[in-house]
Amino acid sequence: MRYSDAELSEFKELILKKAEQAKKELTYLQGLITRKDEMGGDENENRYMTMEDGSMSMEREQLAQMASRQINYIDHLEKALMRIENKTYGICRVTGKLIDKARLRAVPHATLSIEAKQMMNK
């Protein structure tokens, strides 16, 4: 039991679009992080730490976390593309049943059906 080649092709197109968008967002975030680092000034300078320096540091940390999440998301999407190539995409790794199309459209890198997800959360 698996999705047809036409259905897999539809999911592949969706995933490729999402991956492209995610990569653009990652590039944007990385650019912001670089800009924050450049604005931080020379660490060797003798100067007092101001409130602004602390908030810039927090902001840089938040941007780094967001970039890390994007990297994970892109990795999950790439693994989903591999499953499409292997024709195992859309098969729940717990129940072995097909994952609902609506779920795959919402979360294209899903490897669990709603049923399996609920079982794991209990």
*Asks:* Is the side chain of D100 donor-acceptor paired with the backbone N or O of A102 at a distance under 3.5 Å, no angle test?
*Replies:*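 Yes, D100 side chain to A102 backbone: donor-acceptor pair under 3.5 Å.
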*Asks:* What I want to find out is whether E78 reaches K23 closely enough, with some N-O distance under 4.0 Å, to be called a salt bridge.
*Replies:*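 Yes, charged N to carboxylate O under 4.0 Å.
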*Asks:* Linking Ile, Leu, Val, Met, Phe, Trp and Tyr by side-chain heavy atoms under 4.5 Å, what else ends up with I71?
*Replies:*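 L26, I74, all in the cluster of I71.
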*Asks:* Verify the cluster assignment for I99 and L77: are they in a single hydrophobic cluster under the rule of side-chain heavy atoms below 4.5 Å apart?
*Replies:* yes
*Asks:* So among R2, E13, E85, which one has a side-chain contact (heavy atoms from CB on, under 4.5 Å) with L8?
*Replies:*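 Considering R2, E13, E85, a side-chain contact (heavy atoms from CB on, under 4.5 Å) with L8 is found only for R2.
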*Asks:* Taking the side chain as C-beta and beyond, is there a heavy-atom pair between Y73 and H109 under 4.5 Å?
*Replies:*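 Counting from C-beta outward, Y73 and H109 do come under 4.5 Å.
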*Asks:* Go through R35 and R60 one step at a time and tell me if the side chain to side chain contact (heavy atoms under 4.5 Å, CB included) criterion holds.
*Replies:* CA-CA 10 Å; R35 234 175 286 131; R60 191 177 308 120; over 6 Å; no
*Asks:* May I have the step-by-step check of side chain to side chain contact (heavy atoms under 4.5 Å, CB included) for R103 and I114, ending in yes or no?
*Replies:* CA-CA 8 Å; R103 173 160 170 72; I114 297 286; 3.6 Å; yes
*Asks:* Over all heavy atoms of both residues, which pair between L104 and G90 is shortest? Give the atoms and the distance, please.
*Replies:* CD1-CA, 3.7 Å
*Asks:* Say whether Y28 and L63 are linked into one hydrophobic cluster, either directly or through other cluster members, by side-chain heavy-atom distances under 4.5 angstrom.
*Replies:*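 Y28 clusters together with L63.
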*Asks:* Determine whether a donor-acceptor pair (N or O, by modelled atom type, separation under 3.5 Å) exists between the side chain of E7 and the backbone of S4.
*Replies:* yes
*Asks:* How are the rings of Y89 and F11 set to each other: parallel, tilted or perpendicular (split at 30° and 60°)?
*Replies:*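 Rings of Y89 and F11: tilted, 30 to 60°.
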*Asks:* If you define the side chain from C-beta out and look only at heavy atoms, does anything of Q30 sit under 4.5 Å from Q70?
*Replies:* no
*Asks:* Do T111 and R83 come close enough that some side-chain heavy atom pair is under 4.5 Å?
*Replies:*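 A side-chain contact under 4.5 Å exists here.
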*Asks:* Do P108 and K18 have side-chain heavy atoms sitting under 4.5 Å apart?
*Replies:*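 A side-chain contact under 4.5 Å exists here.
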*Asks:* According to a 4.5 Å side-chain heavy-atom criterion applied to Ile, Leu, Val, Met, Phe, Trp and Tyr, with indirect links allowed, do M1 and Y3 form part of one hydrophobic cluster?
*Replies:*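 In one cluster: yes.
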*Asks:* Do R105 and E10 come close enough that some side-chain heavy atom pair is under 4.5 Å?
*Replies:*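 SC-SC contact between R105 and E10 confirmed.
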*Asks:* So which heavy atom on C92 is nearest to which on A116, and how close?
*Replies:* SG-CB, 3.5 Å
*Asks:* Can you list the other members of the hydrophobic cluster that holds V94, where links are side-chain heavy atoms under 4.5 angstrom apart?
*Replies:*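 Its cluster partners, ordered by chain and number, are L112, M119, M120.
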